[in-house]
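Residue numbering restarts at 1 for every chain, and letters A, B, ... go by the order of the sequence lines. Note that this is a predicted model, so its numbers are computed, not measured.
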Amino acid sequence: MGSLERRFSLHVPSATRNLALIREFVTSVGLQAGLGEDDVSKLELAVDEACTNVIEHAHHGDATKDVVVRATFDDHTLRIEVIDSGPGFDPARLPEADLARLTHERRSGGLGFHVMQLLMDEVSYEIVPGQTNRLRMTKKLR
Amino acid sequence: MGSLERRFSLHVPSATRNLALIREFVTSVGLQAGLGEDDVSKLELAVDEACTNVIEHAHHGDATKDVVVRATFDDHTLRIEVIDSGPGFDPARLPEADLARLTHERRSGGLGFHVMQLLMDEVSYEIVPGQTNRLRMTKKLR
Amino acid sequence: MPHPFTVTRSAEGDVSVLALDGYLDAHTAPAFEEAIQAELDAGRVRLVVDGGQLKYISSAGLGVFMGFIEEVRERGGDIKICGLAPRVRQVFDILGFPAIYDVMESREAAIRRFAGPPAAGV
Amino acid sequence: MPHPFTVTRSAEGDVSVLALDGYLDAHTAPAFEEAIQAELDAGRVRLVVDGGQLKYISSAGLGVFMGFIEEVRERGGDIKICGLAPRVRQVFDILGFPAIYDVMESREAAIRRFAGPPAAGV
Ligand SMILES: Nc1ncnc2c1ncn2[C@@H]1O[C@H](COP(=O)(O)OP(=O)(O)O)[C@@H](O)[C@H]1O
Ligand SMILES: Nc1ncnc2c1ncn2[C@@H]1O[C@H](COP(=O)(O)OP(=O)(O)O)[C@@H](O)[C@H]1O
């Protein structure tokens, strides 16, 4: 009983100035998928976090690299893929996102992956070393 | 003396509801390329016209098809490509965009290609029958 | 973000005013078309389109004006356009609309114009 | 469209107020960081951040608060946060900021709070 799948994708240079466009892209997709404003905001933030990580940690500010965001939805599920060509990492080995500890250590980061997990229904990360890494996030539609 | 080229692309289902996102995409690229607000508006309109034609005339409202917009710029030139998988057409054989005649004939169209030509520095169209058609538009950057 | 468009209707005697707000493109043009058609169906042919809140127009939006003007004038009415912001006005101008349509500054002037002599046909 | 961000500084006695407007993400966080650093460089450590016009914040924006709070408190000051719109406030809340930062409704209350006893360290 597969319903029609809608596919969108955006390729932009890997630079933080493109985060605004990435958010507009994902907001537009979220609204079309039928998400309410509150869920669209959550989606927007989760994808911003994923792309910020790609720009900073995967591509280290190299704007000749691309950030690729793919979004598809059918009647049941909205799926996001954020693709990078960096070295990859193992999310299972990230320390717990403990705000008190991070603050105490004067860290100005360490919350991004946690935010994605809080806001999306599923978050997974697939590494193909030396090629592409894919962060997959899904959001159930009612 | 080639300057660094920035590349962007957007793929969306071929439906008029995606024109808003397409305009946001091209506005963002135009601003990054250094265009002033007035030129960004012209770019936005020209690309809207090109994509509207794809949605209506090339894909005939079939939203399972994709509209693809590519944008690249260097220090000198902003280039747009709008790609469709329709039958193609010959812009050289379009009748003149004569508002008085169109109005008299109660036509509610016929101005789109003319708008693109008025607003962009170059407009060309490449047909590969049965495969893809590419509308190319360029805007000089000062 | 979804570039909304609305038409708000009001009337001054036998003049109908359609106030446009937002983005008029190929996606939203049908709503504008319906609003004009509803006036014609009601026998109302003196139309002022107030574009004061119009943020964007593409040729699909201009096409709505083009498709109706002959019929409206044949029936003794007109479509007058007013209030356009400079960026929107520019689109009307480069395509030659002022040669065929009354494009005016204020809504009041547009309504008043209907009291004067009928506009020349195209 | 380019999701702008600005910081406007004012002062009430020895309390500096930084009013944030717009979108605070990884692109704009450095501007906010500089604004706080400038206060610390001037020896001003009683800071109120008024987020009343903040439309968006990502963890990169939250990171600016995180990176400075220890130093500010060690120097006898604090960063108090006020005025957040519900959607922005929600991001602070889900990440546990209210446990570590004074997050208040009004700018006045935040400024007044500096007259009271010093906040507990983290
Ligand atoms: N796409 C990525 N490529 C490589 N490393 C990553 C990527 N995403 C996250 N990381 C690593 O995981 C760490 C934690 O990420 P995150 O929880 O988002 O916090 P932050 O980005 O603020 O440090 C990062 O510091 C980085 O080392
Ligand atoms: N991408 C396209 N594929 C096929 N035909 C097209 C395409 N773009 C334009 N055309 C043809 O050219 C004609 C004129 O286009 P245009 O000047 O943009 O006016 P309008 O789209 O308002 O009719 C269209 O009516 C259509 O027949």
Winner by heavy-atom pair count (cut-off under 4.5 Å) against chain D, out of A/H114, A/E56, A/E44: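 Of A/H114, A/E56, A/E44, A/E44 has the most heavy-atom pairs under 4.5 Å with chain D.
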Would you name the heavy atoms of [X] and [Y] that are closest together and state the gap between them?
{"X": "D/S58", "Y": "A/L45", "result": "CA-CD1, 3.5 Å"}
{"X": "A/T52", "Y": "D/A26", "result": "CG2-CB, 3.5 Å"}
{"X": "D/R87", "Y": "A/S41", "result": "CD-OG, 2.6 Å"}
{"X": "A/G109", "Y": "D/M66", "result": "O-CE, 3.7 Å"}
{"X": "D/I94", "Y": "A/L118", "result": "O-CD1, 3.9 Å"}

Reported [atom1]-to-[atom2] distance for the pair [X] and [Y], which is rounded to 0.5 angstrom:
{"X": "A/L111", "Y": "D/L95", "atom1": "CG", "atom2": "CG", "result": "5.5 Å"}
{"X": "A/L102", "Y": "D/I69", "atom1": "CG", "atom2": "CD1", "result": "14.0 Å"}
{"X": "D/Y56", "Y": "A/R23", "atom1": "OH", "atom2": "CZ", "result": "4.5 Å"}
{"X": "D/Y101", "Y": "A/L99", "atom1": "OH", "atom2": "CG", "result": "6.5 Å"}

Atom [atom1] of [X] with >12 non-hydrogen neighbours under 6.0 angstrom:
{"X": "D/Q37", "atom1": "CD", "answer": "yes"}
{"X": "D/E71", "atom1": "CD", "answer": "yes"}
{"X": "D/E12", "atom1": "CD", "answer": "no"}
{"X": "A/R7", "atom1": "CZ", "answer": "no"}

Proximal component of D/F5, with respect to chain A [non-hydrogen, under 4.5 Å]: neither
Between D/E33 and chain A, with a heavy-atom cut-off of 4.5 Å, which part of the residue counts as in contact: side chain, backbone, both or neither? neither
Salt-bridge contact D/E74-A/R106 (side-chain N to carboxylate O under 4.0 Å): yes
Please classify the contact between [X] and chain D as side chain, backbone, both or neither, with a heavy-atom cut-off of under 4.5 Å.
{"X": "A/L119", "value": "side chain"}
{"X": "A/D38", "value": "both"}
{"X": "A/R17", "value": "both"}

Of all of D/P86, D/G96, D/G63, which one pairs up most often with chain A through heavy atoms under 4.5 Å apart? D/G63
